[in-house]
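Below you'll find the structure, written out as structure tokens, and then a few comments.
In what follows, chains are A, B, ... by sequence order, proteins preceding strands, each numbered from 1. Atoms considered below: every heavy atom in the structure, side chains included; atoms not considered: hydrogens, waters and symmetry mates.
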Amino acid sequence: MIALIDASNFYVSCERVFSPRLQGLPVVVLSNNDGCAIARSDEAKALGISMGQPWYQIRHFQQTHNLVALSANFPLYGDVSDRIMTLAAGLGPTQEIYSIDECFVLLDGVRGDLADRARRVRARILQWTGVPCGVGIGSTKTMAKIANHVAKAAHRKPGSYARELAHVCDLGNMQPAERAEILTATDVGEVWGVGRRYAMQLREAGIYTAHDLTASDPAIIRRRWGVVLERTVRELQGFRCIGLDDAPAAKQQIACTRSFGHPVQTLAALTEALAAFATRAAEKLRAQGSNAGQLLAFTHTSPFREGPSYSGSLVIPFRRPTADTRELVGAAGLAAHRIFREGFDLAKAGVMLMDLSPASREQHELQLDDDRYSTARDQRLMAAMDCLNERYGKGTVQSGSVGTAKQGKGWTMRQERRTPNYTTEWAQIPVVRA
DNA sequence: TCTGGGGTCCTAGGACCC
DNA sequence: TCTGGGGTCCTAGGACCC
């Protein structure tokens with residue numbers, strides 16, 4: 001069996017731990033720039049507020065229903081998440097941390113009443129962190145997901161499922177008829193791997209519930225929807241197709257992108273933003289021990305607003321893969337100059353690092369290189385920079401960016417004169433849509 | 001005025017090669 | 001009437017996840 005432990009309304013629950021006055025009130029946590037709702041309390045959901053709904057559409061609830069809106073505090077959520085994951089790991093021998101608020105735990109070989117065990121772990125998480133969780137148990141990941149949905153809905157929406165299933169639902173320890181009844185009561189759109197698009201198409205094909213999907217022919221599903229949905233059907237039928245991943249692979253790309261609070265209209269502002277994104281992306285890159293072979297920078301106007309629209313992006317390949325903030329910031333600065341266009345309200349920009357490779361292999365190659373000394377020195381410099389920024393806060397030490405030597409809150413490293421690692425001749429022509 | 005920020009996987013089609 | 005048949009690599013686009 002596999003268990004899925006999932007924190008309820010995670011960001012809101014974290015906030016409530018530190019502000020108990022929020023209990024019982026409708027609460028939302030807002031995204032960057034307070035743009036839209038990315039977490040909702042049960043009371044906020046009851047108001048009809050949906051995931052990702054823009055703030056300006058729901059702000060009137062502040063007056064009419066005492067809605068409380070909070071700006072996201074991701075360092076706090078990460079901290080609470082770490083503690084929950086440690087406690088959840090006690091449920092079984094192998095854990096896969098799937099996202100900031102949920103993990104799978106493999107229960108193969110665990111003896112005794114699994115639901116009972118799950119209830120004790122859930123109680124411990126609630127007691128020690130203050131965050132309520134739902135636990136679902138099933139024979140596959142997809143079934144565990146459904147069980148988790150049942151556990152939460154049975155609590156939140158009385159009448160949807162039997163009351164005993166609230167908080168902890170074990171679909172593995174159940175008579176087939178009882179399980180079928182639960183799947184029949186579950187909309188096909190609730191199945192993991194079935195999004196809005198597929199749900200619509202499945203309904204048109206006469207498949208309305210999780211039970212209908214379980215009873216469908218995998219071959220037919222594959223022909224029409226592809227191998228991914230076929231796997232989902234087989235998982236519903238009890239065959240494990242999606243393995244537990246307890247040591248997630250290094251990321252294949254690393255992105256840092258943001259919408260701007262105010263439209264960006266100058267090259268200096270765009271350069272500064274892209275330099276900041278490249279700096280952050282470089283930290284993530286080094287944290288997973290990789291080097292980047294290419295940097296992509298993009299910017300575009302708002303797709304939601306009238307007026308002239310523009311979208312520009314540029315890929316810059318590196319001569320040799322790098323994790324050096326100064327080189328990445330330098331490339332981002334070059335890209336900023338190339339993709340900037342006068343006369344547009346830029347709404348968003350970002351940096352993506354691609355073509356990632358393990359740093360160890362790269363270091364090995366560099367040892368054969370003639371600038372071995374400076375390479376070792378550069379790596380120590382980057383390590384020192386990460387260390388300072390972790391201890392004293394983001395942006396304490398930054399790399400100077402091309403064009404704008406804006407002072408950070410601490411010190412700014414002088415950009416050295418050195419041969420650029422990137423090759424401008426190879427840089428792809430910006431993709432421009434005006 | 002005001003609409004998040006990350007990721008993954010699969011497929012189809014074109015270029016190119018032998 | 002009727003153009004060879006595979007193979008690989010790359011990219012764009014579409015679907016999904018939290």
Side-chain angles (χ1 to χ4, degrees), chain A residues 4-11 28-40 49-60 62 69 71-74 77-78 81 96-104 141-142 145 148-149 188-202 221-232 235 241-243 245 248-263 273 277 280-281 284-285 288 293-294 296 298 300-307 313 315 317 345 347-356 428 431 433:
Chain A
L4 175 67
I5 303 159
D6 181 321
S8 311
N9 314 327
F10 181 55
Y11 299 162
V28 292
V29 170
L30 300 176
S31 64
N32 179 249
N33 298 320
D34 294 345
C36 65
I38 53 172
R40 308 153 293 153
I49 296 171
S50 54
M51 188 68 172
Q53 196 165 6
W55 171 233
Y56 72 90
Q57 289 177 3
I58 54 176
R59 61 190 307 166
H60 62 273
Q62 285 179 115
S71 297
N73 179 357
F74 291 107
Y77 311 150
S81 173
E96 173 188 351
I97 296 175
Y98 183 71
S99 75
I100 193 166
D101 71 338
E102 58 186 290
C103 66
F104 291 98
K141 278 184 164 181
T142 305
K145 272 277 192 183
N148 183 273
H149 163 76
V188 71
E190 300 290 350
V191 176
W192 192 43
V194 178
R196 271 241 279 285
R197 216 55 168 237
Y198 286 177
M200 262 178 47
Q201 295 166 2
L202 286 166
I221 297 293
R222 177 181 196 140
R223 221 173 300 143
R224 167 123 187 234
W225 285 281
V227 69
V228 179
L229 198 60
E230 182 203 8
R231 271 205 289 263
T232 298
E235 282 247 320
C241 304
I242 307 170
D245 203 357
K251 302 230 180 305
Q252 295 173 36
Q253 50 179 330
I254 288 171
C256 187
T257 72
R258 291 285 180 281
S259 296
F260 297 126
H262 301 284
F277 300 154
R280 179 73 194 114
K284 293 190 205 172
L285 186 68
Q288 77 161 29
Q294 296 186 324
L296 178 150
F298 73 87
H300 57 73
T301 51
S302 170
F304 305 106
R305 290 192 28 208
E306 301 289 311
S313 72
V315 174
D345 286 346
K348 184 170 180 171
V351 164
M352 291 191 220
L353 305 180
M354 306 179 301
D355 192 12
L356 306 189
Q428 288 179 14
V431 178
R433 173 173 55 77

Contact state string [nucleotides 13-18 of chain C, B base, S sugar-phosphate only, - no protein heavy atom under 4.0 Å]
--SSSS

Of the candidate nucleotides B:dT8, B:dG4, B:dG7, which contains the atom at the shortest distance from the side chain of A:S259?
B:dG4

Would you tell me if any nitrogen or oxygen in the side chain of A:R231 comes within less than 4.0 Å of OP1 or OP2 on B:dC9?
no

Donor-acceptor list for residues 251-258 of chain A side chains, cut-off 3.5 Å, not counting sequence neighbours:
none

When all nucleic acid strands are considered with a 4.0 Å heavy-atom cut-off, which category describes A:R305: base, sugar-phosphate, or nothing?
sugar-phosphate

Symbol by symbol from the 5' end, with Watson-Crick or G-U pairs under 3.5 Å, [ ] crossing and | another strand, DNA chain B is ....||||||||||||||

Of the nucleotides B:dG5, B:dC2, B:dG7, which has the atom closest to the A:K348 side chain?
B:dG5

Hey, is the side chain of A:Q252 poking within less than 4.0 Å of OP1 or OP2 on B:dC9, counting only N and O atoms?
yes

For A:Y77 and B:dG4, what is the distance between atoms OH and P respectively, to the nearest whole Å?
17 Å

For B:dG6, take OP1 and OP2 only and decide whether either is under 4.0 Å from a side-chain N or O of A:K284.
yes

Considering only the C1' atoms, how many Å lie between C:dC17 and B:dG4, rounded to the nearest integer?
15 Å

Within less than 4.0 Å of OP1 or OP2 of B:dG6, is there a side-chain N or O belonging to A:T257?
yes

A:D355 CG to C:dC10 P, straight-line distance once rounded to whole Å
10 Å

Which nucleotide, B:dG7, B:dT3, B:dC9, lies nearest any side-chain atom of A:F304?
B:dT3

